[in-house]
Amino acid sequence: MMNSRSSSTSKTWKVINLICWTGFLLIIQVILPKQGFGKIYIDINAPSIQKINIAIPDFKNFSANKEHPELSAAMPKVISNDLDLSGFFTTMDKEAFLDEDGPFLTAQNIRFKNWSVIGADLLLKCGYTCIGRSVEVEMRLYDVFRGRLIIGRRVLGKIETYRSLMHRIGNEIIMALTGHQGIFLTRLAFVGTSTGNKEIYICDYDGHNVKQITSDRSIAMFPRWSPLGDKILYNSYKDGGPMLYLKEFSRGGVKRISGRKGLNIGACWASDGKKLALTLSYRGNPDIYSVDLEGKIIEQFTNHWGIDVSPSYSPDGTKIAFVSDRSGLPQIYIRDLNLKREERLTFEGKYNTSPAWSKMNRIAFSQMSGNRVDISTINPDGSNLRRLTEDQGKNEDPCWSPDGRYIVFSSNRAGGYHLYIMNANGQNQRRITFSKGEQTSPSWSSY
Amino acid sequence: MRKKIMTILIAVAFTCSVLFLMTSCAKKQIAGEEGITAPAAPAAPATPSAKPGIEEKVSDADADRRAREAAKAAAQAKLKKEIQTFESGNIYFDYDRSELKPKAQDVLTKKANWLKKNGRYSVRIEGHCDERGTNEYNLALGERRANAAKKFLQALGISGNRLTTRSYGEEKPAAYGHDESAWSKNRRDEFKLIK
């Protein structure tokens with residue numbers, strides 16, 4: 001009698017213990033996953049990346065009345081697209097899934113064999129609960145081979161902005177697998193022609209959530225996100241010639257920064273966000289100047305009878321790359337701002353323009369030869385020249401992601417000009433804008 | 001007596017000057033409206049509204065007035081045509097160049113001659129490029145093309161104060177198309193008269 005009683009209490013204890021431990025582990029997994037798993041799955045600095053197969057089944061709807069069933073497929077679509085654009089993953093076709101998993105997201109509910117047999121390396125299991133206008137998403141990323149959880153997260157957001165909620169989860173996945181910050185919450189600014197005029201637009205990095213931010217009914221050009229993402233510089237003809245304007249999102253207003261005679265074009269922010277490099281021609285010839293946010297000239301960077309345009313700061317701010325036709329045709333030059341020396345960077349091809357200097361210290365530019373325009377990258381010392389686009393229409397306006405691992409550019413490979421994203425090595429080229437009219441001159445925001 | 005003659009003389013002089021001022025003002029307005037803002041509109045008849053005050057004082061016959069108006073209308077039509085010719089006469093450039101070709105120099109010489117005769121007009125020279133190349137570089141190139149024409153006109157004696165430039169780069173093509181026949185029409189300077 002005593003024996004059986006004690007054995008039953010010990011059994012109860014065991015169950016309680018187990019529940020406690022499971023709960024504890026759950027909390028650990030959900031709250032402190034980074035410490036839990038130190039393995040770097042993806043070496044993003046490797047010259048070529050072996051893509052990882054990830055299976056993302058539809059999200060389970062845990063809502064009490066099964067509200068918003070459409071999110072079950074809509075949400076994984078956003079993450080799938082993020083992971084696909086990242087270039088690190090192959091997102092697997094849902095048709096291949098043998099999903100016979102249990103109703104919950106825990107490892108015990110998953111038959112990993114069913115996933116490994118179809119070739120999945122990773123499995124992303126998610127469920128969501130809608131409460132009023134909010135949605136809570138629980139996410140668990142598993143290593144299929146080991147049958148182990150890599151990260152678990154719970155995120156809460158508004159249903160109408162579920163895309164950014166998914167981008168957050170996408171960033172968590174990138175951080176867990178690479179140890180680097182993801183770019184899925186960054187944004188783009190570009191010039192669009194859907195109204196018939198060139199106006200400035202902004203959108204998410206994946207081309208969704210397009211918003212028109214100017215209505216000047218003139219010609220707007222060259223949008224440039226500030227380093228903090230709170231302002232955009234752009235050019236417009238609304239007051240006559242191409243003048244420089246600053247749009248501040250917090251104040252909502254637009255301020256004219258430089259309205260000098262002639263050109264006030266192609267601004268490039270210095271990393272401190274307090275000054276810019278700008279092409280001015282009020283003295284008769286286009287040269288590059290350093291200007292503050294009031295439009296006051298701090299310093300003249302270039303002084304040459306040729307055309308000098310399109311400045312782009314080096315990541316440490318000590319140099320600028322720019323375009324000059326001093327040799328007869330436009331080529332890219334680098335000016336050392338401390339030593340005040342200029343050297344030609346590009347020698348291959350007759351027409352090289354649009355330099356963009358990345359955080360990873362590569363310079364992307366647009367190279368025209370014959371009827372072709374392609375994007376190439378080169379080291380600042382002139383070594384390791386690589387062409388990234390080939391036989392795919394004209395490719396212009398390269399601009400780097402804040403981490404220097406992706407390039408957004410405009411291409412007319414599908415007819416009109418639209419925006420595309422590719423990896424820094426040219427792989428994984430994907431069209432991201434599908435609006436009416438053309439989309440050109442992209443600028444990538446910071447994180 | 002002498003005083004009386006003087007007052008009459010002054011009165012006559014005053015009437016004449018008023019007459020002169022009113023007619024010249026009216027002329028200027030008409031020319032401005034037709035020539036600049038709506039060059040394609042048909043020539044409007046001389047406005048009679050400016051007349052009544054003058055008519056009482058003018059003792060000349062109607063025929064005289066009609067002749068004057070006809071002459072004025074003819075002069076305006078001629079000016080309108082000249083303005084049209086001036087503004088539609090573009091000059092063209094070679095690819096990635098801003099040097100003036102001989103034909104462009106001829107066109108500019110004619111423009112300079114016209115500007116000398118019509119001192120009230122200023123010109124805005126607008127430089128354009130074909131679609132090839134980057135917008136930023138093309139804006140600089142377009143400005144150079146506008147400046148090339150400006151310098152040439154200045155060399156022919158037109159004051160720099162009457163000449164402004166603006167570059168549109170590749171933003172305002174004259175011909176749509178992606179071949180040399182369109183490009184050659186787009187590498188140009190346009191001339192807009194301003195009074």
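The analysis underlying the following values was restricted to heavy atoms, covering all of them including side chains, and did not include hydrogens, waters or symmetry mates. Numbered from 1 within each chain, the chains take letters A, B, ... in sequence-line order.
- Cation-pi check for B/Arg132 over B/Tyr95 is met; the charged atom lies under 6.0 angstrom from the ring centroid and within 45 degrees of its normal.
- The most heavy-atom pairs under 4.5 Å with chain B, out of A/Gly306, A/Gly328, A/Ser441, come from A/Gly306.
- In this structure, chain B has a heavy atom under 4.5 Å from the side chain of A/Ile219, while its backbone stays farther away.
- In this structure, chain A has a heavy atom under 4.5 Å from the side chain of B/Asn138, while its backbone stays farther away.
- Here the closest heavy-atom approach between residue B/Ala140 and residue A/Ile307 is recorded as CB-CG2, 3.3 Å.
- Of the two parts of B/Glu136, the backbone and the side chain both hold a non-hydrogen atom closer than 4.5 Å to a non-hydrogen atom of chain A.
- When every heavy atom of A/Ile332 is checked against every heavy atom of A/Thr353, the shortest pair comes out as CD1-O, 3.9 Å.
- With 3.5 Å as the limit, one finds a donor-acceptor pair spanning the side chains of A/Glu396 and A/Tyr417.
- Of the atoms belonging to B/Arg97, it is side-chain heavy atoms, and not backbone ones, that fall under 4.5 Å from chain A.
- When heavy atoms are compared at a cutoff of 4.5 Å, A/Val373 does not approach chain B at all.
- For A/Lys238 and A/Tyr245, the positive end sits near the middle of the six-membered ring, less than 6.0 Å away and at most 45° from its axis.
- With a threshold of 4.5 angstrom between heavy atoms, B/Thr165 does not approach chain A through any atom at all.
- Using a 4.5 Å cut-off between heavy atoms, B/Asn135 touches chain A through backbone and side chain atoms alike.
- Aromatic rings from B/Tyr137 and A/Tyr351 are positioned such that their centres are separated by under 6.0 Å.
- For chain B, the nearby parts of A/Pro330 are the backbone and the side chain; heavy atoms of each come within less than 4.5 Å.
- Classified by interplanar angle (parallel below 30°, tilted 30° to 60°, perpendicular above 60°), the ring pair A/Phe190/A/Tyr201 is parallel.
- Only the side chain of A/Asn371 comes within contact range of chain B, judged by heavy atoms closer than 4.5 Å.
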